[in-house]
Amino acid sequence: MELKQQKLLLVLILTLLFATATPDSEYVRPLPRKTLTTIPWDSISKAHSSYPQQVHISLAGDKHMRVTWITDDKHSPSYVEYGTLPGRYDSIAEGECTSYNYLLYSSGKIHHAVIGPLEDNTVYFYRCGGKGAEFELKTPPAQFPITFAVAGDLGQTGWTKSTLAHIDQCKYDVYLLPGDLSYADCMQHLWDNFGKLVEPFASTRPWMVTEGNHEEENILLLTDEFVSYNSRWKMPFEESGSTSNLYYSFEVAGVHVIMLGSYADYDVYSEQYRWLKEDLSKVDRKRTPWLLVLFHVPWYNSNKAHQGAGDDMMAAMEPLLYAASVDLVIAGHVHAYERSKRLYNGRLDPCGAVHITIGDGGNREGLAHK
């Protein structure tokens, strides 16, 4: 551990919306802000229905990146042209597409294309489907230092806009979002709204997300769980040997990151438990000395909100994380910031993980009050 601390530097930029209170004064939490509305796409898409919108990128295995975008034109092709010079594309990657229906809503054509192999710490220029604007992305570095931006429960309010502005100032390499993205809550046009809101950020740096309760959107007998989330935000679950988009892992610059699903089965007989045990067994701490785990519902929580909600998952999975010497556990769900000392089994333990709750990204529900 000492050698790791001396030779390796991991910078975690935690994007927070909180202030500190003096001992003799009570902190008054800011009120929620209204949901934002983006510039309507319809007026543009009528003339350019094949133009990409809601573009975002994510890591997709070693030296590869997944590009996701949506078009209103159901016949638009699914490919990405890319290169290291603006307007000059010397590579092309064919992709796949999907769409979904949700009650009376029909999504646009959702495209996913994996580009690579890509050079580390390099700027690439790319265009989706041969139409529309050129986008620019930067790949993460191959070694330390690496910077993560972290904020959960993002939503799409005035506070979200403030959070995104802070994240943009971080000059981060990868954004980690531990659940609750759009707060669409069955209103599918809000998924489109969210995609447009985050495109300027999510199209330039990889966004790695996991699901929260607001992604579930299950209406009994009428809809499939997580259909909107799984269709729009495809993560590298197949690349990491997982059978579900709700949990997966990836590696970047000396860090092994595990994204677990608080809303997928997690008991000792579940597929997620089996996958986690196998994934942890493959971690090489010489190659990835840092081991991070993210999920939505915190296991340790001193706030009144959602008290005890993560107990069952913790009982099943915390022993696996402890045995693997996980360094840091990050969660959302509780709309506050909280950081623990090293813990295991409810007690201080020098071999346990530090737990951070960072669920104050800016959604319409506001901050936890007690």
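Worth saying up front: this structure is predicted, and the values here are computed from it rather than measured.
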- Message: Would you say that S244 contacts Q272 through its side chain, given a criterion of any heavy-atom pair below 4.5 Å between the two side chains?
- Response: no

Side-chain touch M208/M235, heavy atoms, less than 4.5 angstrom | yes

| said: Side chains of D185 and H214 only: does a donor on one sit below 3.5 Å from an acceptor on the other? | reply: yes

Query raised in the report: Between the side chains of E251 and H256, does any donor sit under 3.5 Å from an acceptor?
Result: yes

In short, salt bridge (Lys or Arg N to Asp or Glu O under 4.0 Å) pairs touching residues 56-70 with sequence neighbours left out are K63-D120, R66-E239

Rounding to 0.5 Å, atoms CE (M259) and OG (S242) come to a distance of 12.5 Å

side-chain hydrogen bond (donor to acceptor under 3.5 Å, both in side chains) with Y183: of T160, D153, T157, only one passes, and it is D153

>> Ignoring hydrogens and geometry beyond distance, is a side-chain donor-acceptor pair present between D180 and H333 at under 3.5 Å?
In response: no

Aromatic contact between Y344 and Y322, with the criterion being ring centroids under 6.0 Å apart: yes or no? yes

Between H335 and H306, how do the two ring planes meet: parallel, tilted or perpendicular, split at 30° and 60°? perpendicular

* Considering only NZ, NE, NH1 and NH2 on the basic side and carboxylate oxygens on the acidic side, decide whether E81 and R127 come within less than 4.0 Å. => yes

Beyond-backbone contact of S228 with Y100, side-chain heavy atoms, under 4.5 angstrom: yes

Practice problem: Run the ring-centre check on H111 versus W69 and record whether the distance is less than 6.0 Å. | Solution: yes

_Ignoring hydrogens and geometry beyond distance, is a side-chain donor-acceptor pair present between W191 and E217 at under 3.5 Å?_
yes

Between the CG atom in L328 and the CG atom in L292, the distance rounded to the nearest 0.5 Å is 4.5 Å

- Query: Relative to the ring of Y263, is the ring of F226 parallel (under 30°), tilted (30 to 60°) or perpendicular (over 60°)?
  - Reply: tilted

Item to check | 4.5 Å side-chain heavy-atom contact, L260 and M317 | outcome: yes

The reported gap from CG in N101 to OG in S231 (rounded to nearest 0.5 angstrom) is 10.0 Å

inquiry  = Is any side-chain heavy atom of E318 closer than 4.5 Å to one of Y300?
reply    = yes

### Task
Would you tell me whether N121 and K138 have side-chain atoms, one donor and one acceptor, within less than 3.5 Å of each other?
yes

d(Y89 OH, Y126 OH) to nearest 0.5 Å is 10.5 Å

Here the salt bridge (Lys or Arg N to Asp or Glu O under 4.0 Å) pairs for residues 99-118, sequence neighbours left out, are none

Taking the side chain as every heavy atom from C-beta outward, state whether L291 and L321 have any atom pair closer than 4.5 Å. no

